[in-house]
Amino acid sequence: MKVSHLPVDPGPAAWNCLLPQAAEAQVLEGAQTADWLVIGGGFAGLAALRRLSQLHPHDKIILLEAKRIAEGPAGRNSGFMIDLPHDLASEDYSGGLAADLRQIRDNRAAIAFAKDMADEFDLPREAFNLCGKFNAAATAKGHKHNQDYAAHLSKMDEPWEIYNPAQMAELTGSHYYQSGLFTPGAVMLQPAMYIRGIAGALASKYREIHENSPVIDLDHNDDWTAQTPSGQVTAPRVILAVNGHVNSFGFFKRQLMHVFTYASMTRALTSEEVKALGGQANWAATPADPLGTTVRRVSETGGDRIIIRNRASFDPSMEVSQARMRSVARTHDASFTARFPMLKAVAMQYRWGGRLCLSRNTVSAFGEVAPGLFSACCQNGLGTAKGTLHGMLAANLASGHRSDILTDVLTQDAPSKLPPEPFAWLGANALMKWGEWTAGAEL
Ligand SMILES: Cc1cc2nc3c(=O)[nH]c(=O)nc-3n(C[C@H](O)[C@H](O)[C@H](O)COP(=O)(O)OP(=O)(O)OC[C@H]3O[C@@H](n4cnc5c(N)ncnc54)[C@H](O)[C@@H]3O)c2cc1C
């Protein structure tokens, strides 16, 4: 099976650029055999590696990553590891009471698994911080959404607090927001620091991780053999943790939507700019409308910075053009200036985009897709938590280790079929454009 596409990640992985340069990559050279092979070094791949090494401490496990660790989506996201329902395809992030209670159970299992690694590997608090997050509303409609979501949380016995405009201004330095719904269970990641931290610890403590080693061919005889440009690994069991690129391996064809979203990060603010901005040094806000703007302020490695994320586009080719990046940059600048007029002189230092993988019915692409080949893909936009969960569950499934969560994931529907092209492309992009337009000042 020839792998049809390798990942292309537009723009710099900004979070990774703030960190010291990584040691030279260990590229796979020559032929190797292993008990297990994991393909992909994001949230799912590293969780699978961790879980396999717990279940089979004496087995040889190899992980192959196409790029450098943290250069892909795992190191270029906004870092919200959210415990509560966060269904991006819905109008209000929720999916009904029973489904939401299941989601909370699943997301918290993933967060506990990630926290265990963060604790054991002694990651700094900046990398993994269980500090909660805000859902910020810039409009009356957004505020109403926050109130409705809070009522929904109360029905599930979940704690929350609503901040008024003055409290939001005190938090953010910006007078843009009408309310903020604080929920305490989200973890904020410095995503590249977290991903590099756990990959480094897993590699040095237990297993081999080969970077810049894309799988270009995967064949099955008695065992699976993965070919890279300069080596190959043969193993009886393989976990595919490549998110949307599972399509490039020939699985779940026309069942997955490849969506890009985009972010910009300012240069480090000067001390005068920090004073003019006011507010607290670290905070994180998702938008009250799923197609609005996510904003973070950070103040540790790399100095005081603001990060903006918005816009989404459906790109079945899994690549985006420079023209798209320029158009997104204009939206980012407008969203930044509207919120922080006191920082008019502050330019963006980094701009980037990255892949999400969604299914129409918001299910994962999970399970044994061929004998000994397990998929832990399609995280529906919340890959920090769902990727961790699916990686861990794929390792359990492949090892015959059952649980209620695994049974639920195995009995979910398959990702539903997409309409034929060009209707899928036209329909999805029109829907997202419409969503961005109706998001109004939340964008
Ligand atoms: C700008 C942005 C903001 C986001 N914000 C958030 C957020 O705040 N919270 C959240 O939960 N999610 C967020 N996401 C989504 C999140 O990053 C993804 O859902 C998550 O990274 C998916 O995890 P994963 O491990 O399944 O896949 P990935 O992180 O995509 O990892 C898969 C890895 O497989 C590798 N790979 C692919 N093909 C091959 C091959 N042939 N051989 C070897 N390796 C291969 C890739 O290089 C990649 O590193 C955001 C994404 C973007 C782009």
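Just follow the structure's listing: the first ligand is 1, and inside any ligand the first atom is 1. In what follows, residues are counted from 1 in the order of the sequence shown. Below, all heavy atoms of this structure are taken into account, side chains as well, without hydrogens, waters or symmetry copies.
When each atom of ligand 1 is checked for a heavy atom of Arg309 under 4.0 Å away, the hits are 3 (C). Close contacts between ligand 1 and Gly354 involve ligand atoms 53 (C) [criterion: under 4.0 Å to a heavy atom]. The contact set between ligand 1 and Leu64, taken as ligand atoms under 4.0 Å from a residue heavy atom, comprises 43 (C), 44 (N). Of all atoms in ligand 1, numbered sequentially from 1 with element shown, those under 4.0 Å from a heavy atom of Leu6 are 41 (N). Close approach of ligand 1 to Arg76 is summarised as follows: ligand atoms under 4.0 Å from at least one heavy atom of the residue are 1 (C), 2 (C), 52 (C). Each of the atoms 25 (O), 29 (O), 31 (O) of ligand 1 lies under 4.0 Å from some heavy atom of Gly42. Atoms of ligand 1 found under 4.0 Å from any heavy atom of Val242 (numbered from 1 in listed order, with element): 32 (C), 34 (O), 36 (N), 37 (C), 38 (N), 39 (C), 45 (C). Close approach of ligand 1 to Ile39 is summarised as follows: ligand atoms under 4.0 Å from at least one heavy atom of the residue are 42 (N), 43 (C).
The residues Arg355 and Asp315 are annotated as not salt-bridged, no charged nitrogen and carboxylate oxygen being separated by less than 4.0 angstrom. The pair Asp35-Arg237 fails the salt-bridge criterion, with no side-chain N (NZ, NE, NH1 or NH2) lying under 4.0 Å from an Asp/Glu carboxylate O. Between Glu211 and Lys67 there is no salt bridge, since no side-chain nitrogen of the basic residue lies less than 4.0 Å from a carboxylate oxygen of the acidic one.
With atom 7 (C) of ligand 1 as the reference point, the heavy atom nearest to it among Tyr262, Phe260, Phe80 is part of Phe80. Which of Gly72, Ala241, Gly40 comes nearest to atom 32 (C) of ligand 1 through a heavy atom is settled by distance: it is Ala241. Among Pro7, Ala263, Ser4, Cys378, the residue whose heavy atom sits closest to atom 38 (N) of ligand 1 is Pro7. One option in Lys67, Glu65, Met318, Gln379 has a heavy atom closer to atom 47 (O) of ligand 1 than any other, and that option is Glu65.
Counting heavy atoms from C-beta outward, Glu126 and Thr301 have side chains that approach closer than 4.5 Å. Side chains of Ser248 and Val242 form no contact here, defined as non-hydrogen atoms less than 4.5 Å apart.
The nearest pair of heavy atoms linking Pro236 to Ala34 is CD-O, 3.3 Å. Nearest approach of Ile61 to Val38, heavy atoms of both residues: CG2-CG2, 4.4 Å.
Side-chain contact check for Arg351 and Ser264: at least one donor-acceptor pair (N or O, by modelled atom type) lies under 3.5 Å. Under 3.5 Å, the side chains of Arg324 and Ser313 contain a donor-acceptor pair of N or O atoms. Thr234 and Asp223 share no side-chain donor-acceptor pair at under 3.5 Å. Between the side chains of Arg360 and Ser416, not a single donor N or O lies within less than 3.5 Å of an accepting N or O. A donor-acceptor contact closer than 3.5 angstrom links the side chains of Asn282 and Ser299.
Scanning all protein heavy atoms for the shortest distance to atom 22 (C) of ligand 1 gives Asn243 ND2, 3.6 Å. Protein heavy atom closest to atom 4 (C) of ligand 1, with residue, atom name and distance, is Asn77 CB, 3.1 Å. For atom 15 (C) of ligand 1, the closest non-hydrogen atom of the protein is Leu356 CD2, 3.3 Å. Residue, atom and distance of the protein heavy atom nearest to atom 52 (C) of ligand 1 are Thr261 CG2, 3.5 Å. Looking from atom 5 (N) of ligand 1 to the surrounding protein, the closest heavy atom is Ser78 N, 3.0 Å. For atom 44 (N) of ligand 1, the closest non-hydrogen atom of the protein is Ala66 N, 3.1 Å. Among all protein heavy atoms, the one lying closest to atom 29 (O) of ligand 1 is Ala74 N, 3.2 Å. Among protein heavy atoms, the minimum distance from atom 12 (N) of ligand 1 is reached at Gly381 O, 3.0 Å.
The shortest N/O to N/O separation between Gly383 and ligand 1 falls below 3.5 Å. Annotation: Phe43 places an N or O atom under 3.5 Å from an N or O atom of ligand 1; distance criterion only. Considering both main-chain and side-chain atoms, Arg355 never comes within under 3.5 Å of ligand 1 through any nitrogen or oxygen pair. Below 3.5 Å of separation, one finds an N or O of Ala44 facing an N or O of ligand 1. Checked against a 3.5 angstrom limit, the closest N/O atoms of Thr384 and ligand 1 fall inside it. At least one N/O-N/O distance between Val215 and ligand 1 falls below 3.5 Å. Between Pro73 and ligand 1, at least one N/O pair is under 3.5 Å apart.
With respect to Thr261, the side chain to side chain donor-acceptor pair (under 3.5 Å) criterion is satisfied by exactly one of Arg309, Arg76, Arg311: Arg309.
Atom CE in Met265 sits 4.5 Å away from atom CG in Leu18 (nearest 0.5 Å).
Look at Phe249 and you'll find a heavy atom under 4.0 Å from some atom of ligand 1.
Remark: Lys417 NZ is packed, more than 12 non-hydrogen atoms of other residues, nucleotides or ligands lying under 6.0 Å away. The local environment of CG in Asp119 is crowded, with over 12 non-hydrogen atoms from other residues, nucleotides or ligands closer than 6.0 Å.
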